[in-house]
Protein chains: 2
Amino acid sequence: MGRKARVSTTIVALMQAGERHAWTLEALQAGLAARGEPADFSSIFRATEKLAAERTIRKMLLEDGRARYELADSHHDHLHCTTCDALIPVPCVIRAGASAALEAEIGVAIDEHQLVFSGLCPKCRGDEAPRRRGRSPARK
Amino acid sequence: MGRKARVSTTIVALMQAGERHAWTLEALQAGLAARGEPADFSSIFRATEKLAAERTIRKMLLEDGRARYELADSHHDHLHCTTCDALIPVPCVIRAGASAALEAEIGVAIDEHQLVFSGLCPKCRGDEAPRRRGRSPARK
DNA sequence: CTAAGTGCAAATCATTTGCAACCAG
DNA sequence: CTGGTTGCAAATGATTTGCACTTAG
């Protein structure tokens with residue numbers, strides 16, 4: 001678990017740097033290259049699989065069919081911007097009582113959840129929808 | 001919009017019959033065949049894309065990387081059983097106020113959400129986890 | 001007739017996997 | 001040495017797309 005794997009180590013370092021919130025394998029490859037640590041796609045893939053298995057990072061699948069990875073530190077949910085495709089973190093709004101209620105009412109056993117809102121991130125909301133002073137969205 | 005497309009029509013009929021809750025393309029193909037309306041995978045694929053585009057049905061991606069389709073009538077969330085892989089519907093636990101709060105606090109614009117709980121469905125919970133009378137899970 | 005719907009085959013896409021060369025311990 | 005890592009190439013699995021043929025209207 002020490003300081004051996006070059007790829008794994010750099011991936012975690014990249015994520016901890018926090019320049020970005022959720023990474024696709026492609027983004028990770030670009031990020032590693034930018035750090036002067038280029039690696040093969042399969043190596044990155046295997047490194048993320050291992051990191052996810054040991055719960056260091058978390059793997060998520062989005063509607064666009066591509067996996068995103070993020071540090072598995074604090075729990076939170078996400079907003080997937082339908083305009084710029086960014087995945088931004090938002091605080092979890094699932095109250096503990098809610099899942100407990102489901103377990104009792106429906107008889108299921110809940111382990112975890114994944115909640116993804118779809119909409120506009122702060123930036124795109126401002127750009128694309130200046131609702132307030134009514135302006136047509138530049139037609140089309 | 002009438003009664004033209006054989007495949008689309010049968011897909012909706014199948015879903016409305018409600019023998020199943022979420023369908024994979026493969027399940028749909030099997031279902032159509034069972035109804036004496038066999039169709040090609042690509043035809044089913046294109047039919048679901050169209051139905052989803054016109055909001056008649058909803059398309060979802062699960063962790064296993066395969067799309068599931070369901071009627072887009074009432075909103076609800078899901079529980080993905082980690083044992084039998086079933087996707088069962090559960091009432092939505094996201095209160096309207098929760099998303100409104102996020103929009104105000106974070107500056108996002110929320111359109112919709114997809115929430116999937118992971119755990120055990122009622123059946124598997126009963127089979128696999130008779131916690132009550134403590135028995136070791138038959139090792140491994 | 002004419003566009004929408006279909007079937008078949010081939011192309012894509014995003015991983016995944018097999019293997020042999022490498023490298024830290 | 002020796003098992004964990006890597007890179008490269010080839011294999012997968014699940015769609016997606018191109019094209020020509022059908023068919024509802």
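So you know, we letter chains A, B, ... as the sequences are listed, proteins then strands, and number each from 1.
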Protein-nucleotide distance (A:I44, atom CD1; C:dT16, atom P), rounded to Å: 14 Å

Answer with base, sugar-phosphate or nothing: what part of the nucleic acid does B:A39 contact at a heavy-atom distance below 4.0 Å? sugar-phosphate

Could you give the CG-to-C1' distance, from B:L51 to C:dT6, as a whole number of Å? 15 Å

Separation of C:dA11 atom C1' from B:F45 atom CZ, nearest Å, is 13 Å

Do any N or O atoms from the side chain of B:E103 and from the backbone of B:I110 form a donor-acceptor pair under 3.5 angstrom? yes

Just N and O in the side chain of B:K50: are any of them under 4.0 Å from OP1 or OP2 of C:dA4? no

Could you give the CD-to-P distance, from B:E26 to D:dT15, as a whole number of Å? 9 Å

Are the aromatic rings of B:H113 and B:H75 close, with centres under 6.0 Å apart? yes

Between C1' of C:dT6 and CD of B:E37, the distance in whole Å: 13 Å

Whole Å only: how far is the CZ atom of A:R68 from the P atom of C:dA14? 10 Å

Whether over 12 other heavy atoms sit under 6.0 Å from A:E63 CD: yes

Which nucleotide sits closest to the side chain of B:S42: D:dA14, D:dT17, C:dT16? D:dT17

Output the single nucleotide from C:dT16, D:dT15, D:dC19 whose closest atom is nearest the side chain of B:R46. D:dC19

Starting from P on C:dC13, measure out to CZ on A:R66 and report it in whole angstrom. 11 Å

Quick check: does any side chain N or O of B:T10 sit under 3.5 Å from a backbone N or O of B:R6, one acting as donor and the other as acceptor? yes

Among D:dT6, D:dT16, C:dT6, the one nearest any side-chain atom of B:S43 is C:dT6

Which residue lies toward the 5' end of DNA chain D, A:S8 or B:F41, if each is placed at its nearest nucleotide? A:S8

With a 4.0 Å cutoff (strictly under), does any side-chain N or O of A:R6 reach OP1 or OP2 of D:dG7? yes

Considering every strand and a 4.0 Å limit on heavy-atom distances, what is the contact class for B:A67: base, sugar-phosphate, or nothing? sugar-phosphate

Could you tell me the separation between the CG atom of A:L32 and the C1' atom of D:dT6, rounded to a whole number of Å? 13 Å

Over 12 non-hydrogen atoms of neighbours within 6.0 angstrom of CD in A:E112: yes

